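Quick note: numbers below take in every heavy atom, side chains included, and nothing from hydrogens, waters or symmetry partners. It should be emphasised that the depicted structure is a prediction, and the values quoted were computed from it without experimental measurement. The chain is numbered in sequence order, starting from 1.
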Amino acid sequence: MFKSARAAVAALIFITAISAPTAANAQSTYWQCAPFARVFSGIQLFGAAASWWHQAIGKYAQGGAPKMGSVLVFKAIGAMRSGHVATVTKIVSDRIIKVTHANWGGAKGRVENDVTVVDASPNGDWSQVKVWYSPIHDIGQRAYPTYGFIYGGAKAVAAEAAAAGQALEGKNAGIGG
């Protein structure tokens, strides 16, 4: 009985370690971008990153503007045959965001937090982006084509609700004082 209980505890620890992107295990686990984005964003799509855009039709809202918790979907191109996905963690301005993603460039298999992404499209529609590239400590020179953003993962909805609650608390703090 003791062996089966110990095996069950070990299995539970293993499942927890591979399923939750904490700071500790996100860096010790080799992550592909799509599984990481699925866990981190709550958007439940599977397969190659570039396929997420078409899979999301009818399941999730999509658009050309970043929102907190949304997933930016990169198109498949030569060196990036499966595309790429990254979760928006901060909106800096109308043409700059921060993302958290895995397995990008010099960070093969690793998670990078709050990475700068710049809208490089001529029309300001996020159809092409440049991404911070850690080996050169600067925004990369190449503009990558994107489909846009997928909205509405469970974590995105929770983040929006928390932000709205904080904004409301801020407004209420000045009333009746």
Closest heavy-atom pair and its distance - W126, S121:
N-OG, 3.3 Å
OG1 on T116 to NZ on K90, rounded to 0.5 Å
9.5 Å
Quick one: list whatever passes salt bridge (Lys or Arg N to Asp or Glu O under 4.0 Å) with R95, sequence neighbours left out.
D119
Residues which pass ring-ring contact (aromatic ring centres under 6.0 Å, His included) with W132, listed by chain and number, not counting sequence neighbours
none
Sorted by chain and residue number, the side chain to side chain donor-acceptor pair (under 3.5 Å) partners of H101 (sequence neighbours excluded) come out as H84, E112
Heavy atoms, side chains only, cut-off 4.5 Å: are W104 and V99 in contact?
no
Given 3.5 Å as the limit, does a donor-acceptor pair link the side chain of S41 with the main chain of A37, or not?
yes
Listing request: all side chain to side chain donor-acceptor pair (under 3.5 Å) pairs with a residue in residues 136-147, at least two apart in sequence or in separate chains.
none
Given 3.5 Å as the limit, does a donor-acceptor pair link the side chain of Q55 with the main chain of F46, or not?
yes
Taking side chain as C-beta onward, heavy atoms only, is L72 less than 4.5 Å from P66?
no
With heavy-atom distances below 4.5 Å as the criterion, would you say the side chains of I96 and V117 are in contact?
no
Quick one: list whatever passes side chain to side chain donor-acceptor pair (under 3.5 Å) with Q128, sequence neighbours left out.
none
Heavy-atom closest contact (W52 atom, I43 atom, distance)
CH2-O, 4.2 Å
Find the distance between OH (Y151) and CE (M68) and round it off to the nearest 0.5 Å.
13.5 Å
On a heavy-atom basis, the closest approach of A49 and C33 is CB-SG, 3.9 Å
Partner residues of S127 under the side chain to side chain donor-acceptor pair (under 3.5 Å) criterion, sequence neighbours left out
D125
Drop me the distance from L45's CG to Y60's OH, to the nearest 0.5 angstrom.
5.5 Å
Between A86 and F74, the two heavy atoms sitting closest are CB-CE1, 4.4 Å
For side-chain contact (heavy atoms from CB on, under 4.5 Å), just list the numbers for F40 and T89, CA-CA rounded to whole Å, side-chain angles, deciding distance to a tenth of an Å, and then say yes or no.
CA-CA 10 Å; F40 191 71; T89 52; 3.8 Å; yes
Within the 4.5 Å heavy-atom criterion, are K98 and V92 side-chain neighbours or not?
yes
When I150 is tested against each of V73, T87, I57 for side chain to side chain contact (heavy atoms under 4.5 Å, CB included), which residue passes?
V73
Just how far is it from atom OG of S82 to atom CG of N103, taken to the nearest 0.5 Å?
10.0 Å
Heavy-atom nearest pair, A120 first then K130, reads CB-CG, 3.9 Å
